[in-house]
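One structure below.
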Amino acid sequence: LVIASTYSCMASLREGQGEQGQALELYERALAVELATLGDAHPDIAKRYSDIAALHAKGGELGLALECQEKACAVEVKAYGEEHSRVASRYTAMAALCTKQSSHDRALELYDKALAIKTRKLGEGHPDVAALYNNMAMAQRAAGCYDQAIDLLERALQTLSATLGSEHVAVATVHDNMARVCYERGDYDRAFGFFRRTLAILSAALGEDHPHVASTYDNMVHLLIKQCGDGHLTSL
């Protein structure tokens with residue numbers, strides 16, 4: 001295992017230097033050593049598959065990344081059981097890759113599996129469950145299912161406001177996502193209202209000079225240009 005750890009450290013260094021091909025080769029060497037010594041049901045094997053998946057995803061090889069995440073998931077199911085939170089997190093990672101591949105149905109199926117585990121473990125009112133609602137909403141948005149996306153975001157907003165407070169940055173993120181969904185379905189007035197709420201929360205929490213605040217202003221300007229034209233920008 002010392003050899004595997006050395007390979008892993010070398011891979012991390014190569015990755016940091018942008019040498020993804022060499023990093024991938026070193027991670028695969030580490031994986032081979034760990035498989036030979038630990039077997040295929042050890043949690044460290046899942047971590048190694050995850051490292052390799054991240055490299056593939058960074059290189060745009062989403063199919064290979066998903067294959068590695070599936071292998072990691074299989075290991076974690078063996079090691080922890082179907083109901084473990086790590087398995088739920090793995091389903092979430094796989095769903096995100098499926099969304100990027102426009103495999104929306106499979107993404108939602110995986111999110112549903114993650115949601116079922118998280119809900120049973122944590123309860124409906126937990127922020128982690130709200131985060132999953134937010135992720136599922138973005139998958140629905142990518143599929144063009146805007147009404148479903150809004151419904152999921154409203155669930156996320158309700159939970160996060162109740163658990164973290166209505167002025168939390170996580171709440172601002174949901175408002176921002178709701179604004180984007182409303183914008184894409186042509187509901188510009190409602191989108192602008194959500195951007196305003198996002199701006200108010202972020203300005204109070206992060207300060208007027210934060211990049212996220214600047215980004216929200218930029219989104220509002222672009223929305224006004226789309227909706228009204230340059231003559232209405234003074235309403236900001």
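At a threshold of 4.5 Å between non-hydrogen side-chain atoms, the residues E154 and M178 count as touching. Contact annotation: the side chain of I150 approaches that of R190 to within less than 4.5 Å [non-hydrogen atoms, C-beta and beyond]. The closest side-chain heavy-atom distance from F194 to N177 is not below 4.5 Å. Using a 4.5 Å heavy-atom cutoff, the side chains of Y183 and K226 are in contact. Proximity of D112 to M136: side-chain heavy atoms (C-beta onward) are separated by under 4.5 Å at one or more points. When side chains are defined from C-beta on, L160 does not count as touching T173, because their heavy atoms never get closer than 4.5 Å. In this structure, D40 and I45 have side chains that are not in contact, with every pair of non-hydrogen atoms separated by 4.5 Å or more.
Residue-environment remark: CD (E167) exceeds the threshold of 12 foreign heavy atoms within 6.0 Å. Atom CG of D209 has 12 or fewer heavy atoms from other residues, nucleotides or ligands within 6.0 Å. Within 6.0 Å of NE2 in H42 there are more than 12 heavy atoms belonging to other residues, nucleotides or ligands. Within 6.0 Å of CD1 in I3 there are 12 or fewer heavy atoms belonging to other residues, nucleotides or ligands.
A donor-acceptor contact shorter than 3.5 Å links the side chain of T159 to the backbone of R155. With T6 contributing its side chain and V2 its backbone, the two residues share a donor-acceptor pair below 3.5 Å.
Every residue two or more places apart in sequence or in another chain that forms a salt bridge (charged side-chain N to carboxylate O under 4.0 Å, His left out) with R48 is listed here: E34, D51.
Across all non-hydrogen atoms, the minimal contact from A114 to A88 is CB-O, 3.4 Å. In this structure, L152 and Q140 approach most closely via the heavy-atom pair CD1-CG, 3.9 Å.
Taking a cutoff of 4.0 Å between a charged side-chain nitrogen and a carboxylate oxygen, K118 and E124 do not qualify as a salt bridge. Ion pairing between E25 and R29 holds under the 4.0 Å rule for side-chain N and carboxylate O.
Here Y27 and Y7 keep their ring centres 6.0 angstrom or further from each other.
The CD atom of Q22 sits 9.0 Å away from the CE atom of M10 when rounded to the nearest 0.5 Å.
Within the structure, side-chain hydrogen bond (donor to acceptor under 3.5 Å, both in side chains) contacts touching residues 82-103 (residues at least two apart or in different chains) are S50-R90, Q69-R90, E76-R90, Y80-R86, E82-Y91, E83-R120.
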